[in-house]
Novice: 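Submitted below is the structure of interest, expressed as structure tokens.
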Number of protein chains: 4
Amino acid sequence: MARGVNKVILIGNLGQDPETRYTPNGNAVVNLNLATDESYKDRQSGQLVPKTEWHRVVMFGKIAEVAGQYLRKGSKVYIEGKLQTRKWQGQDGQDRYTTEIVVDINGQMQMLDSRGGSEGAMNQGAPQGRPQNQQYNQQPPQQPQSQSGGYGGNPQGQQPSGGMPEPVDDFDDDIPF
Amino acid sequence: MARGVNKVILIGNLGQDPETRYTPNGNAVVNLNLATDESYKDRQSGQLVPKTEWHRVVMFGKIAEVAGQYLRKGSKVYIEGKLQTRKWQGQDGQDRYTTEIVVDINGQMQMLDSRGGSEGAMNQGAPQGRPQNQQYNQQPPQQPQSQSGGYGGNPQGQQPSGGMPEPVDDFDDDIPF
Amino acid sequence: MARGVNKVILIGNLGQDPETRYTPNGNAVVNLNLATDESYKDRQSGQLVPKTEWHRVVMFGKIAEVAGQYLRKGSKVYIEGKLQTRKWQGQDGQDRYTTEIVVDINGQMQMLDSRGGSEGAMNQGAPQGRPQNQQYNQQPPQQPQSQSGGYGGNPQGQQPSGGMPEPVDDFDDDIPF
Amino acid sequence: MARGVNKVILIGNLGQDPETRYTPNGNAVVNLNLATDESYKDRQSGQLVPKTEWHRVVMFGKIAEVAGQYLRKGSKVYIEGKLQTRKWQGQDGQDRYTTEIVVDINGQMQMLDSRGGSEGAMNQGAPQGRPQNQQYNQQPPQQPQSQSGGYGGNPQGQQPSGGMPEPVDDFDDDIPF
DNA sequence: TTTT
DNA sequence: TTTT
């Protein structure tokens, strides 16, 4: 139930392999960095300048499992989720904010590669009988942890590494849920 | 032209009156804080807990002018835009990142109030013959400045005030465009 | 599960009160006619001509119940669903096709009236403690019948009445499900 | 300008090569049939049954030119447009209605094939230096004819061929615009 | 950090 | 009529 609409639709490519973690309950949580490209005309040179926007995506549940298994660096993917801004503390004790696209039970994912993302990546462990272009409209099974926040996930590429906690340890040990 | 899809669709209410600024070229730039609500069931209490997500919206061009004129604190609005993350420097010299929904020439806005957002706000200067429920699908006229970044805008409600530059002055004097 | 994306997002007003029916299993099925307006410039006169597009919407499950209870002629509503084209037989034995927006367990609805659609309609049976601006993101409960087709529903406003079967009777008696 | 939202987002495959026509002004008009797949569980057998939904898409302007040039039978494509229902006369003099997804100056298209749609089709005239995965967010140039209706386009696969006018002739000669 |  |  909700009062309002909060929807994000992206088609882009993964900047690196997805990072998979698990909640204490055994639910998968996957972090992606997704690039969407747009070129624009520079006002001075009049030239077409490419511009890349990077998006931090967090997936939960069944979609997360599929994403962790089949997506790789370079994979093209369609994603539907919602915006969520998390607050965290920098080393200096100041608040920081990170906005992510949350893909949970209400979200959607569709792989758009006809032949796998990157051959190299697939050799490093991707399954053989890879289901191409499958889409998962995540339905009944699990309860995403998304509300509890603090699941961690390293917003690399957005925050200076010096100012970020090490979320992996937090994720396994410290986070109170 | 773009390679990828980057789309955000929101329906929510303004947390405060919009802030309007102008570029040196005279183009309007409007900042909004938009709340979308979603309630979820708490795992412990089993109760329905309301959860509000706040979104920073930046509008350009004709849509910005309309938004600045007719939207007020509390107004309900439909917005279609794209995600953009800006980098800025905190007072401590460290990088900060702010993610905004940019509504430019390709975006869309629709006012959803049948009688204006808040009566009080309207008395403070909103025009009488207010066009209700009008939608503006911003088309040909201007070139949004969105690419040049640095137009400022105070991301209040998201960043600690101590760590933010004063964008109003920057906007008028210092920003190099 | 799906391979592909099929998504429709509408904000419009109901042309008349919703029609509610029930499947033999007791699941609600609601038909709406929704108007979305767009004005365009006539090439000859140069004048702004209003243009209304009518959409046939079919809702299932919990969303249908809410829509049937709270929406009325004139109500403004946000709808997210998918396109589906049904084939039916005209009186002349020829095939006809009707395209509908199906709002089922994956869809979404949000009422956008601050004070109900039309006062008159509300007097004709709408409940008092009407939940305003509530949104229902239909989740786990029921299995929509949407696939079995043939639930009927009178696509008035789109098909000439002379060429349409009487779906109400069909709905109660003849449809094999 | 519009009052309301009317948006369709599809990812699917072309059932056949696109059909390109030109208005008397020389503007391209392209018709596509797009398949989106969804599988559902049959209530009786409990089996996963594939279900294909076919969509009639009409494109105008620059997007139409690109689609006509680069899309082929089997191509996977992302499309954003709006719903429009056209009325036409069957041979029996009765009204018929066809719902189409109109992709005009406000729409969007993105090719999602990494290596072209179908090799066979490409041999039949597709250009060599094919720009893969390019997206066109159609902006300033032309005025779509979409409002004047009657541009024709053969809704094959939806209407019985016996009941349809021959739109190609109409398109070139008879349509009054 | 991706993609063409 | 497409796709896996």
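By convention in this document, chain letters (A, B, ...) are assigned in the order of the sequence lines, proteins followed by strands, and residues within each chain are numbered from 1. Note that these values count all heavy atoms, side chains included, but never hydrogens, waters or copies made by symmetry.
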Novice: Whole Å only: how far is the CG atom of D/N13 from the C1' atom of F/dT4?
Specialist: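 Value for this atom pair: 9 Å.
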Novice: So, D/Q91 and D/R96: side-chain donor and acceptor under 3.5 Å apart, yes or no?
Specialist: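 Per modelled atom types, D/Q91 and D/R96 side chains form no pair under 3.5 Å.
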Novice: Write down the distance between CD (D/E53) and P (F/dT2), rounded to a whole number of angstrom.
Specialist: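 Those two atoms, CD and P, are 16 Å apart.
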Novice: NA contact type, A/T36, heavy-atom cut-off 4.0 Å: base, sugar-phosphate, or nothing?
Specialist: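 No contact.
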Novice: Tell me the interatomic distance from D/L10, atom CG, to F/dT1, atom P, rounded to whole angstroms.
Specialist: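 Those two atoms, CG and P, are 21 Å apart.
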Novice: Select one nucleotide: of E/dT1, F/dT3, F/dT1, the one nearest the side-chain heavy atoms of D/Q16.
Specialist: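 Nearest listed nucleotide: F/dT1.
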Novice: Check side chain to side chain contact (heavy atoms under 4.5 Å, CB included) between C/N6 and all other residues, then give those that pass, not counting sequence neighbours.
Specialist: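 C/N6 satisfies side chain to side chain contact (heavy atoms under 4.5 Å, CB included) with C/K82, C/L83, D/L10, D/T36, D/E53, D/H55 only.
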Novice: Check the distance between F/dT4's C1' and D/L14's CG and give it to me in whole angstrom.
Specialist: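 From D/L14 CG to F/dT4 C1': 17 Å.
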Novice: Charged N to carboxylate O below 4.0 Å: is that the case for A/E38 and B/R3?
Specialist: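 Salt bridge flag = no for B/R3 with A/E38.
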Novice: With the side chain of B/R3 defined as its heavy atoms from C-beta on, choose the nearest nucleotide among E/dT1, F/dT1, E/dT4.
Specialist: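 Of E/dT1, F/dT1, E/dT4, E/dT4 is nearest to the side chain of B/R3.
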Novice: Counting side-chain heavy atoms from C-beta on, which of F/dT2, E/dT1, E/dT3 comes nearest to A/D37?
Specialist: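 That would be E/dT3.
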Novice: Grab the CG-C1' distance between A/D113 and E/dT4 for me, whole Å please.
Specialist: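 Atom CG in A/D113 sits about 13 Å away from atom C1' in E/dT4.
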Novice: Nearest of E/dT2, F/dT2, E/dT1 to any side-chain atom of A/N33?
Specialist: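 Nearest to the side-chain atoms of A/N33, counting from C-beta on, is E/dT1.
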Novice: Round to a whole Å and report the spacing from CG of B/N6 to P of E/dT2.
Specialist: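 Atom-to-atom, B/N6 to E/dT2, this comes out as 19 Å.
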Novice: Does any donor atom in the side chain of D/Q110 or D/K76 lie under 3.5 Å from an acceptor atom in the other side chain?
Specialist: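 Side chains of D/Q110 and D/K76: no pair found under 3.5 Å.
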Novice: Rounded to the Å, how far apart are A/H55 NE2 and E/dT1 C1'?
Specialist: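 Rounding to the nearest Å, NE2 of A/H55 and C1' of E/dT1 are 13 Å apart.
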